[in-house]
Amino acid sequence: MFHLSQMDQIFLKSLADVVRTSRTTSQYDKLTFTTQTIADIKNELQSRQESVRYQALLKLFFLAMEGNNIRWAEFQIINLMGSGDFQLKLGAQLAAHLVIDNQSQGLIMVTNVFIKEFKSSHIECSSTLSCLGTIANKDLSDSLLSHVLKLTTNTKPLIRKKAIAVLSKIFTINPLNIPGNLEMVIQQLQKETNISVLACGISLFCSIMKVAPKLYPLFLSIVYDQISKQKSNWLLIKLVRISNKLISLEPRFQGKLIEHYTRLLNQTNSKSLQYELIYSIMRHFKNHSQLYESAGDILKQFLNHQDPNLRCLGLECLTHISTSVGLMEFQEQILESFKKSDYFSKLQILQLFKDFTNQNNFQTVIEFFLKYSDMESNDKIIESLIFIITKDKFINVDDPEKLLLVYIPIIAQKIDSIDNAIRFKELLFELLTRVPGLKVYSDQLCNQILQTYATQSDSLQGPTLNIVKRHTQLKYSLNHREIIFKSLIMIVGESVKLLKLEALTNIIKFLEQLNILNCYESSLSDIDSLLFKIYIQIIKSDPENQIIPQMEQLIKNIYTKLHNISIVKISFFYESLIQIKSRDQLQQLYNLFEEDLPPINLEAQKLIKPPEGLDINKSFQIDISEIEKIKNTNSDYIEQKQLIQQQQQIEQNQGEQQDQNSEIQIKVENEEELKPLNNKIDQNANKIFIINRDEELPPGINQDDINKFKEEE
């Protein structure tokens with residue numbers, strides 16, 4: 001014969017059943033399902049069977065994961081935390097953070113449960129400490145601090161380690177608990193021999209330094225002692241890291257560590273410990289040459305290592321070198337590492353040279369990256385090179401002519417993105433503007449780049465930027481090479497008067513190629529403007545030149561391809577002008593392009609001569625009669641304005657009075673129309689129905705009782 005509890009266990013819904021039903025339930029029935037599940041869980045939590053209550057606890061976890069509020073189960077979970085079954089106790093401790101917070105009503109119960117469990121076996125005590133570390137708040141911390149401190153002297157290393165970890169949380173929540181208690185923990189750690197407990201103690205020191213950095217002198221002695229005698233690489237790594245923080249707070253601590261850092265750097269074979277030591281030395285020991293050189297030798301091994309992870313760590317150490325001179329020592333190893341590095345490491349190397357390139361290594365860096373750029377990193381390399389060139393207004397460029405005629409054409413050929421094309425255009429404009437004397441070489445620069453683009457213009461490939469021209473519906477795609485092409489055409493146009501006749505003739509011959517006009521349609525207006533400038537320049541210097549008829553035909557060809565109305569008008573003016581060939585008009589237009597506009601100067605206004613007869617040092621004579629005339633004019637205007645406002649107010653009042661009279665008249669007319677209907681109404685009309693109020697009263701109460709009660713009131 002089955003007992004009731006056994007029957008309940010047979011028909012109990014397991015966690016799998018609840019999950020399966022939840023996934024198959026529609027959204028409309030979700031609330032009903034959740035309500036029924038919660039009701040089942042409440043009943044199961046009251047069962048005497050441990051397995052039933054454990055299943056209920058698992059289903060509570062599932063409801064919490066679904067976003068349901070399970071704060072109603074706070075006391076049930078606290079009760080299960082003190083259960084004699086370890087599995088049920090552990091599950092309740094894991095669920096405690098879902099229901100317990102600063103406003104929980106069961107904090108006193110939780111405190112008593114923790115005190116009880118701290119006296120249990122080391123396994124139960126360990127799980128209880130983990131639970132306390134999760135839900136600890138100010139009230140729990142203050143109540144349980146003394147009990148946790150006692151556990152730091154437990155015979156089990158596991159309990160000591162977890163007790164120190166919980167103390168880290170308690171001290172962080174309430175720093176007022178640190179004084180007096182921290183010294184006890186440090187004394188216990190000085191006697192400690194277990195590596196994991198000591199490592200947890202170092203983590204405790206790091207946490208305290210975040211909330212109370214002035215207590216750092218308490219840690220100097222124990223950290224120094226452990227560095228001098230420890231052999232565990234894992235613990236030494238933590239000691240080196242906390243030493244970096246202590247050196248920042250106490251620079252004199254640096255001198256104490258030189259001997260031990262030198263010993264560790266030469267004796268250890270652990271790459272992770274070597275990395276931490278190199279990191280610390282590069283950052284804090286730059287003034288100690290011997291130690292710095294030893295760390296530099298090991299760092300070079302990292303950079304040349306076959307393991308990409310070690311190369312990446314070596315590059316990370318180099319980021320803490322604050323000068324270009326320091327980087328020059330490792331330049332050869334860095335560039336060699338670039339050849340065999342992955343994409344991420346290449347980005348690290350590019351960032352290093354963006355920060356530390358100077359005039360001494362500028363040429364080497366540019367030539368190396370142009371030579372070893374590949375498809376994967378080409379875009380980032382070009383972006384970095386443009387940044388290095390333009391950094392601080394070309395401070396690294398010592399030979400601008402070589403940059404313009406050698407490096408920039410190669411960079412232009414390697415550009416394959418719109419963003420870099422825009423950066424390249426800005427580079428060209430800024431270089432030719434800031435560096436005097438470079439405009440003379442603009443024809444050579446443009447000739448090298450444009451010839452390459454002419455041979456490849458039949459197949460414009462790569463990403464495009466879709467543009468809609470203003471005032472038109474014309475759409476076209478702007479390729480990265482077309483952006484550069486437009487910028488080069490503009491540069492040549494600005495440098496026309498500096499170019500020789502041979503250079504101008506070569507430009508015309510280049511533009512006569514059919515594929516140029518067909519492939520660079522968005523640049524036709526720029527080409528048209530360039531041609532006209534060249535046309536005026538050639539007529540001025542050599543009116544009988546044989547290239548002039550070819551230019552006139554080229555301008556006519558461009559005119560037939562243009563669509564933008566404003567540009568067509570300008571091009572039509574060009575075409576008409578070359579047909580008339582008026583010498584006076586050509587002379588006037590030539591004068592427009594003969595001189596550059598001077599740069600804007602804030603002091604330029606002072607150089608402008610005042611008109612003749614005007615003495616700027618003489619005070620102005622105030623004409624009283626003119627001022628009175630202005631005043632009288634203003635007074636007349638004010639008087640007229642007041643009269644106009646009064647007239648407008650009178651007209652507005654008259655309009656409102658007319659509206660009121662119209663409303664009264666309409667009301668009278670409506671009453672006259674309704675008068676015959678009102679006369680037909682029976683003044684002594686019979687009642688159609690009677691309401692029996694007694695029927696609406698509750699049973700046992702009648703209307704007489706109510707009337708009597710009202711009279712008494």
Side-chain angles (χ1 to χ4, degrees), residues 202 206 209 216 220 223-224 226-228 230 233-338 340-342 344-358 360-361 364-365 384:
I202 300 300
C206 294
M209 289 174 65
Y216 75 88
L220 294 173
V223 170
Y224 178 78
Q226 293 297 327
I227 288 179
S228 61
Q230 273 299 331
N233 294 329
W234 181 48
L235 183 57
L236 284 170
I237 289 173
K238 297 181 75 69
L239 290 169
V240 171
R241 288 183 177 180
I242 194 175
S243 297
N244 294 335
K245 298 180 180 180
L246 293 174
I247 290 173
S248 301
L249 296 170
E250 179 53 79
R252 291 176 296 178
F253 189 56
Q254 180 187 110
K256 299 288 186 179
L257 297 175
I258 294 176
E259 179 183 355
H260 299 297
Y261 273 27
T262 304
R263 173 179 57 81
L264 292 173
L265 199 63
N266 296 328
Q267 292 181 358
T268 184
N269 294 323
S270 172
K271 298 299 181 183
S272 56
L273 179 56
Q274 285 181 345
Y275 165 75
E276 294 296 340
L277 289 169
I278 294 172
Y279 181 94
S280 179
I281 292 169
M282 290 291 175
R283 189 170 182 178
H284 300 290
F285 292 83
K286 296 183 178 66
N287 298 328
H288 302 277
S289 58
Q290 185 175 358
L291 181 60
Y292 192 83
E293 290 176 1
S294 301
D297 294 338
I298 298 178
L299 180 57
K300 292 177 182 179
Q301 298 176 11
F302 274 57
L303 295 174
N304 294 328
H305 205 279
Q306 297 296 326
D307 188 353
N309 295 321
L310 292 179
R311 291 201 301 270
C312 182
L313 291 176
L315 294 171
E316 181 66 24
C317 288
L318 285 174
T319 58
H320 301 284
I321 298 178
S322 58
T323 61
S324 300
V325 177
L327 187 68
M328 290 287 289
E329 180 183 353
F330 305 97
Q331 177 173 299
E332 182 179 351
Q333 287 75 22
I334 297 173
L335 295 178
E336 189 65 28
S337 175
F338 183 86
K340 49 188 177 182
S341 295
D342 56 2
F344 179 75
S345 298
K346 288 181 178 179
L347 294 183
Q348 285 183 296
I349 294 174
L350 289 172
Q351 186 60 45
L352 281 173
F353 283 104
K354 284 172 67 175
D355 295 336
F356 300 118
T357 300
N358 54 22
N360 297 327
N361 62 346
T364 304
V365 170
S384 301

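Computation of the quantities below employed the complete heavy-atom set of this structure, encompassing side-chain atoms and omitting hydrogens, waters and symmetry-equivalent molecules.
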Of the non-hydrogen atoms in Gly296 and Phe330, which two are nearest, and what is the gap between them? O-CE2, 3.5 Å
Ser384 meets the side-chain contact (heavy atoms from CB on, under 4.5 Å) criterion, sequence neighbours left out, with Leu350, Lys354
Spacing of CG belonging to Asn233 relative to CG belonging to Asn269, to within rounding of 0.5 Å: 9.0 Å
Checking side-chain polar atoms at under 3.5 Å, does Ser270 have a donor or acceptor matched by the opposite partner on Ser272? yes
Side chains of Gln226 and Ile202: closer than 4.5 Å at any heavy-atom pair? no
Using a 4.5 Å cut-off on heavy atoms from C-beta on, say whether the side chain of Phe302 contacts that of Cys317. no
With the side chain counted from C-beta on, respond yes when Lys271 and Tyr275 share a heavy-atom pair under 4.5 Å apart, and no when they do not. no
Just checking, is any N or O donor in the side chain of Gln351 or Asp355 under 3.5 Å from an acceptor N or O on the other one? yes
With Glu336 via salt bridge (Lys or Arg N to Asp or Glu O under 4.0 Å) - residues at least two apart: Lys339
Point-to-point distance, once rounded to the nearest 0.5 Å, from CG of Leu318 to CG of Leu313: 11.5 Å
Tightest non-hydrogen contact, residues Asn304 and Lys340, listed as O-NZ, 3.5 Å
Side-chain heavy-atom pair Phe353, Leu335 within 4.5 angstrom cut-off: yes
Is any side-chain heavy atom of Gln331 closer than 4.5 Å to one of Asn361? yes
Nearest 0.5 angstrom please: Ile237 CD1 to Gln274 CD, how far? 10.5 Å
Partner residues of Leu220 under the side-chain contact (heavy atoms from CB on, under 4.5 Å) criterion, sequence neighbours left out: Tyr216, Leu246, Glu250, Phe253
Is the closest side-chain heavy-atom distance between Leu249 and Met209 below 4.5 Å? yes
Side-chain contact, heavy-atom cut-off 4.5 Å: Thr268 with Leu236? no
Of the non-hydrogen atoms in Gln348 and Cys312, which two are nearest, and what is the gap between them? OE1-SG, 3.2 Å
Test Glu259 against Ser228 for side-chain contact (heavy atoms from CB on, under 4.5 Å), laying out the working first. CA-CA 9 Å; Glu259 179 183 355; Ser228 61; over 6 Å; no
Using 30° and 60° as the class boundaries, would you call the ring planes of His260 and Tyr224 parallel, tilted or perpendicular? perpendicular
Please find the pair of heavy atoms, one from Gln306 and one from Arg311, that lie closest to each other, and give the distance. O-NH1, 3.2 Å
Shortest non-hydrogen separation from Gly314 to Leu303 and the atoms involved: C-CD2, 3.9 Å
Just how far is it from atom CD of Gln254 to atom OG of Ser280, taken to the nearest 0.5 Å? 8.5 Å
Quick one: does Pro251's side chain get under 4.5 Å of His284's, heavy atoms only? no
Which atom names give the shortest non-hydrogen contact between Pro308 and Ser345, and what distance separates them? O-OG, 4.5 Å
Rounded to the nearest 0.5 Å, how far does OG1 of Thr262 lie from CD1 of Ile281? 7.0 Å
Quick one: pull up CD in Glu293 and CD in Glu329 and give me the separation to the nearest 0.5 Å. 7.5 Å
Would you say Asn287 has more than 12 foreign heavy atoms packed within less than 6.0 Å of its CG? no
Between Arg241 and Lys238, is the side-chain contact (heavy atoms from CB on, under 4.5 Å) condition met? List the steps. CA-CA 5 Å; Arg241 288 183 177 180; Lys238 297 181 75 69; 5.7 Å; no
